[in-house]
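First up is the structure itself, then whatever we jot down about it.
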Amino acid sequence: MDTLGKNQRGMSDHVISVVKRLRQEVPECLASGVVDMATGMLLTYETTDSHPSEVLDLLAGATLDLFQGRTVTMIEDIFKERRGVTSSEHYFQEILVNSTNLTHLFVRNNQNGDVVAVVVCPRSVNIGMLFAATRRVIKEHGGL
């Protein structure tokens, strides 16, 4: 196998490992996954429940909209212009969304801004523990 194939397999194993650790170590975690913002694809996920494939397909697109949608990008561009920032850095790093029954945490990888981890818990989850455990797992894995 060529080096590119080994690197892709290594990255795939790494992402799968992060998702498994998130499911195991984040309190009350119902589902975790990783979205590649560059391709708009859900790379992998693990869940306690079955979900329609249409919902899983839409998760990646919704994540992309949250972090890099047209309006979000416009806000970032305005702040960059006003602050004289010329980098391609993204300002939005973590987003917490509460739905009727669930809490969804989206965390952009500091080392690769095109990768976002998603963790889903019941709405009753301790938010501080959710953030702490998610950040710890991602940091211990050297990002995503």
Side-chain angles (χ1 to χ4, degrees), residues 3-4 7-144:
T3 305
L4 181 60
N7 288 342
Q8 286 174 337
R9 188 177 72 222
M11 178 64 169
S12 175
D13 292 344
H14 182 71
V15 169
I16 290 168
S17 175
V18 169
V19 168
K20 286 185 182 305
R21 288 265 322 270
L22 287 168
R23 277 272 301 116
Q24 293 168 355
E25 297 183 29
V26 171
E28 302 182 61
C29 184
L30 300 173
S32 61
V34 172
V35 175
D36 181 349
M37 306 281 274
T39 63
M41 292 180 60
L42 179 62
L43 296 179
T44 190
Y45 69 93
E46 203 173 283
T47 181
T48 59
D49 201 357
S50 62
H51 299 283
S53 61
E54 302 91 332
V55 170
L56 294 171
D57 291 342
L58 292 172
L59 175 64
T63 303
L64 187 63
D65 286 344
L66 281 172
F67 281 94
Q68 293 175 201
R70 186 173 153 257
T71 307
V72 170
T73 304
M74 288 171 60
I75 290 169
E76 288 182 334
D77 289 344
I78 289 168
F79 278 121
K80 286 178 188 177
E81 181 182 325
R82 299 243 168 108
R83 295 176 179 157
V85 174
T86 57
S87 74
S88 61
E89 137 190 41
H90 293 285
Y91 288 155
F92 295 168
Q93 299 297 313
E94 299 174 336
I95 298 173
L96 183 73
V97 176
N98 286 319
S99 62
T100 304
N101 298 310
L102 300 171
T103 294
H104 313 256
L105 178 59
F106 300 83
V107 179
R108 188 188 295 270
N109 179 8
N110 289 336
Q111 295 174 353
N112 180 353
D114 284 335
V115 178
V116 173
V118 182
V119 179
V120 180
C121 298
R123 182 97 187 251
S124 60
V125 69
N126 178 311
I127 300 297
M129 294 301 292
L130 169 61
F131 273 95
T134 302
R135 289 171 178 164
R136 181 180 40 76
V137 168
I138 291 172
K139 182 177 180 180
E140 287 175 0
H141 270 71
L144 297 172

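Bear in mind that the values here come from a model prediction, so they are computed numbers and not experimental data.
Qualifying side-chain contact (heavy atoms from CB on, under 4.5 Å) partners for Thr86, counting only residues two or more places apart in sequence or in other chains: none. The side-chain contact (heavy atoms from CB on, under 4.5 Å) test applied to Leu102 returns Leu30, Ser99, His104, Val120, not counting sequence neighbours. Listed by chain and residue number, Arg21, Glu25, Ala133, Glu140 satisfy the side-chain contact (heavy atoms from CB on, under 4.5 Å) test with Arg136 (two or more places apart in sequence, or in another chain). Under the side-chain contact (heavy atoms from CB on, under 4.5 Å) criterion, Glu46 pairs with Val19, Lys20, Arg23, Ser32, sequence neighbours left out.
No more than 12 heavy atoms of other residues, nucleotides or ligands lie within 6.0 Å of CZ in Phe79, so this atom counts as exposed by the packing criterion. Counting heavy-atom neighbours within 6.0 Å of Phe106 CZ, excluding the residue itself, gives a total above 12.
By the 30° and 60° cut-offs, the orientation of the rings of His14 relative to His141 is tilted.
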- Item | side chain to side chain contact (heavy atoms under 4.5 Å, CB included) assessment of Leu96 paired with Leu130 | CA-CA 10 Å; Leu96 183 73; Leu130 169 61; 4.1 Å; yes

- Task: Could you walk me through whether Tyr91 and Ile75 pass side chain to side chain contact (heavy atoms under 4.5 Å, CB included), step by step?
- Result: CA-CA 9 Å; Tyr91 288 155; Ile75 290 169; over 6 Å; no

Using residues 58-71 as the side-chain source, report each donor-acceptor pair under 3.5 Å to any protein atom, sequence neighbours left out, with the distance given to one decimal.
| residue | atom | partner | partner atom | Å |
| --- | --- | --- | --- | --- |
| Thr63 | OG1 | Leu59 | O | 2.8 |
| Gln68 | OE1 | Arg108 | NH1 | 3.3 |

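Applying the salt bridge (charged side-chain N to carboxylate O under 4.0 Å, His left out) test to every pair with at least one member in residues 78-95, sequence neighbours left out, gives these pairs: Glu94-Arg135.
Side-chain atoms of Val26 and Leu105, non-hydrogen and from C-beta on, never get closer than 4.5 Å to each other. Considering only heavy atoms from C-beta on, Asn126 stays 4.5 Å or farther from Pro27 through its side chain. The shortest distance between side-chain heavy atoms of Asp13 and Ser17 does not fall below 4.5 Å.
Cys29 and Thr48 get closest at one heavy-atom pair: O-CG2, 4.2 Å.
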